[in-house]
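When a ligand or atom number is given, it counts from 1 through the structure's own listing order. These numbers were taken from a predicted model, which means no experiment stands behind them. The figures here come from the full heavy-atom set of this structure, side chains too, leaving out hydrogens, waters and symmetry mates.
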Amino acid sequence: MTVIDSHCHLDDKQFSDDREETIARARAAGVEGMLAIGSGDGPPDLEAAIRLADRYPFISATVGVHPHDASKATPETLQSLRRLAAHPKVVAVGELGLDYHYDFSPRDAQRLVFAAQLAIAREASLPVVIHTREAWDDTLALLREHWDGPGVLHCFTGGPKQARQALDLGFHLAFGGVITFPKAESTRESARLTPLDRLLVETDCPYLAPVPHRGQRNEPAFILETVKYLAMVQGVTAEEVSGATTRNFHTLFPRRG
Ligand SMILES: [Zn+2]
Ligand SMILES: [Zn+2]
């Protein structure tokens with residue numbers, strides 16, 4: 001069984017001592033591809049994921065400003081994003097969106113930088129990787145107003161009503177370790193109603209390790225636990241989940257160049 005981790009923060013400091021080994025463990029476990037998310041520590045460095053993708057043929061990259069870092073974005077940041085979006089290993093803009101849980105950046109700055117990046121993604125004909133936390137209504141409103149292209153709601157933790165709204169907008173839903181958590185019943189219901197052809201899996205490592213690794217540093221090799229769990233939730237085999245999510249990944253994030 002092979003699988004693709006559609007969302008990992010391989011540049012994170014938590015991997016500083018064993019990044020090579022972590023990537024090797026992932027490959028040995030059957031993780032044939034990884035999408036490195038490029039939001040890093042925020043502007044001015046926007047190339048965290050590109051640096052990794054340039055070194056490994058099976059790693060692709062995103063560029064984007066995380067909502068946490070929205071207040072660090074300047075007109076130069078957006079200019080750099082436009083330029084980096086043309087890099088051959090970049091397959092999406094992200095992660096972008098709204099996070100009203102932490103409110104690390106003022107909400108009006110988050111909304112502005114979200115909308116600006118949607119425009120950049122459209123110009124570059126790239127899909128988007130959306131992060132949303134405790135900001136569902138505003139996220140949906142901004143997407144309805146500014147976006148009609150492909151994308152994924154990453155680490156989806158919403159309930160069935162939100163899942164249907166996202167699917168109606170044409171989005172894929174990516175599920176991570178959270179679906180293995182005992183209290184995540186409404187997220188599991190969302191996973192259950194997501195058609196196989198709209199499903200992605202991710203780790204969001206180093207965060208949110210699935211059971212039985214919960215509480216540890218997460219890494220791409222652990223994604224197999226999420227695949228198995230998702231298969232149980234959907235009532236299909238793990239091979240069907242890995243096959244479908246791999247196909248969906250290639251459809252949503254076609255390679256360039
Ligand atoms: Zn996120
Ligand atoms: Zn992330």
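R107 forms a cation-pi arrangement with Y100, by the criterion of a distance under 6.0 Å to the ring centre and an angle within 45° of the ring axis. Annotation: cation-pi pair R214/F181 present, NZ/CZ under 6.0 Å from the ring centroid and within 45° of its normal.
Within H7, NE2 is the N, O or S atom that lies nearest to the Zn ion (ligand 2). Within E95, OE1 is the N, O or S atom that lies nearest to the Zn ion (ligand 1).
At a cut-off of 2.8 Å, D204 is not counted among the residues with an N, O or S atom near the Zn ion (ligand 1). Residue H9 counts as close to the Zn ion (ligand 2), with an N, O or S atom under 2.8 Å.
The NE2 atom of H154 and the ND1 atom of H131 meet at the Zn ion (ligand 1) at an angle of about 120°, given to 10°.
Between the side chains of S190 and T187, no donor N or O sits under 3.5 Å from an acceptor N or O. A donor atom on one side chain and an acceptor atom on the other are found under 3.5 Å apart for T22 and R25.
Taking the six-membered ring for Trp and thresholds of 30 and 60 degrees, F58 and Y56 have ring planes inclined between 30 and 60 degrees apart.
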